[in-house]
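In the text below, chain A, chain B and the rest are named by the order of the sequence lines, each starting its count at 1.
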Amino acid sequence: MPERRYWLFKSEPTAYSFSDLLKEPNRTAEWDGVRNYQARNFLRDDMQAGDGVLFYHSSANPMAVVGAARIVKPGYPDSTAWDPGSIHPDPKSTPDSPIWYMVDIQGEKSFNRPVTLEEIKANPRLKDMLLVRRGMRLSIQPVTRAEWDEIVTMGEQGG
DNA sequence: GCCAACGTTGGC
DNA sequence: GCCAACGTTGGC
């Protein structure tokens with residue numbers, strides 16, 4: 001049993017929100033459409049079933065981590081890449097030679113309150129998070145155990 | 001709506 | 001293999 005890892009997934013809530021995830025059958029969705037190699041490597045190589053996911057709303061009001069999810073299916077080829085009807089087609093990726101990967105995540109808990117980007121920036125314990133690093137645009141980022149604990153604790157404070 | 005940051009593309 | 005142009009991300 002590998003050690004549990006922690007991640008942060010960004011999503012624009014106007015495209016797909018945490019409450020959308022909670023409305024899915026079994027609160028589970030395929031996290032498809034990632035088209036960045038560094039994020040792809042995390043999806044393909046590093047994620048394991050059971051890993052924790054902080055769900056972050058970007059370009060939102062407020063910008064915040066709004067809940068927790070977990071990986072329920074580790075990396076497998078992203079079939080939307082060779083689906084010409086998808087919003088992120090990539091004809092270079094094929095079933096025989098996939099380039100892009102996805103995971104399945106299951107929504108676990110909506111926080112009692114959003115943990116805002118502003119609070120994250122103001123918290124010295126979270127100063128090293130990739131999220132607040134200048135120019136860091138990765139939509140999937142690793143998070144340390146300590147950062148996970150801190151954010152979950154903040155989110156579970158009374159609402 | 002702006003624009004800094006930065007990844008990707010393509011001409012050479 | 002360099003690098004200018006271009007596209008995207010995402011906070012402001």
Side-chain angles (χ1 to χ4, degrees), chain A residues 5-24 29-47 51-71 74-105 107 109-144 146-148 150-155 157 159:
Chain A
R5 299 192 200 191
Y6 303 92
W7 308 94
L8 180 143
F9 283 21
K10 293 183 191 172
S11 185
E12 298 195 19
T14 53
Y16 192 85
S17 69
F18 190 65
S19 61
D20 290 332
L21 176 60
L22 297 180
K23 284 182 218 144
E24 301 277 4
E30 296 177 340
W31 203 255
D32 60 28
V34 175
R35 298 292 181 263
N36 170 281
Y37 284 101
Q38 209 178 338
R40 186 281 307 270
N41 293 345
F42 290 138
L43 291 167
R44 186 189 59 186
D45 304 334
D46 298 324
M47 292 188 191
D51 285 1
V53 173
L54 296 172
F55 200 104
Y56 176 79
H57 281 171
S58 61
S59 298
N61 188 15
M63 289 171 281
V65 178
V66 294
R70 67 163 55 218
I71 308 287
Y76 61 105
D78 181 347
S79 57
T80 68
W82 51 81
D83 173 3
S86 91
I87 24 178
H88 305 286
D90 182 357
K92 295 194 295 300
S93 186
T94 66
D96 286 342
S97 183
I99 297 174
W100 305 113
Y101 283 70
M102 58 186 174
V103 298
D104 290 358
I105 65 171
K109 184 173 197 322
S110 189
F111 286 167
N112 290 328
R113 62 178 194 81
V115 178
T116 65
L117 179 61
E118 194 177 10
E119 287 176 276
I120 291 170
K121 283 181 171 170
N123 186 331
R125 290 183 176 136
L126 302 176
K127 68 179 167 51
D128 293 328
M129 281 188 78
L130 295 177
L131 183 68
V132 297
R133 187 170 301 178
R134 206 168 69 99
M136 171 50 72
R137 304 177 308 169
L138 262 188
S139 65
I140 289 180
Q141 308 176 353
V143 168
T144 67
E147 290 161 352
W148 165 274
E150 180 71 9
I151 288 191
V152 168
T153 300
M154 291 164 79
Q157 285 164 1

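Residues forming a ring pair (Phe, Tyr, Trp, His ring centres under 6.0 Å) with Tyr101(A) (at least two apart in sequence, or on another chain): none. Partners of Glu118(A) under the side chain to side chain contact (heavy atoms under 4.5 Å, CB included) rule, at least two apart in sequence or in another chain, are Thr116(A).
There is a side-chain donor-acceptor pair under 3.5 Å between Arg35(A) and Thr80(A).
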task = Mark up nucleotides 1-6 of chain B, 5' to 3', with B wherever a protein heavy atom is under 4.0 angstrom from a base atom, S wherever such an atom reaches only the sugar-phosphate, and - elsewhere.
result = ----BB
Pairs under 3.5 angstrom only: tabulate donor-acceptor contacts from the side chains of residues 132-139 of chain A to other protein residues two or more places apart or in another chain.
none

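Atom CG in Leu21(A) sits 9.0 Å away from atom OG in Ser19(A) (nearest 0.5 Å).
The aromatic rings of Tyr16(A) and Trp31(A) sit perpendicular to each other, their planes meeting at more than 60°, with 30° as the lower class boundary.
Residues from residues 7-21 of chain A with heavy atoms under 4.0 angstrom of DNA chain C, sorted by number: Lys10(A).
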Protein N or O to nucleotides 9-11 of chain B N or O, pairs below 3.5 Å:
none

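Remark: of the listed residues Leu131(A), Ile140(A), Ile151(A), Leu131(A) is the sole one forming a side-chain contact (heavy atoms from CB on, under 4.5 Å) with Leu8(A).
For the pair Ile87(A) CD1 and dT8(C) P, the computed distance is 13 Å after rounding to whole Å. Taking atom CZ of residue Arg40(A) and atom C1' of nucleotide dT8(B), one finds them 14 Å apart after rounding to whole Å.
Without hydrogens or angle criteria, Asp78(A) side chain to Gly33(A) main chain gives a donor-acceptor distance under 3.5 Å. A donor-acceptor distance shorter than 3.5 angstrom exists from the side chain of Arg40(A) to the backbone of Ile99(A), with no hydrogens or angles considered.
Here Trp100(A) and Tyr76(A) keep their ring centres 6.0 angstrom or further from each other.
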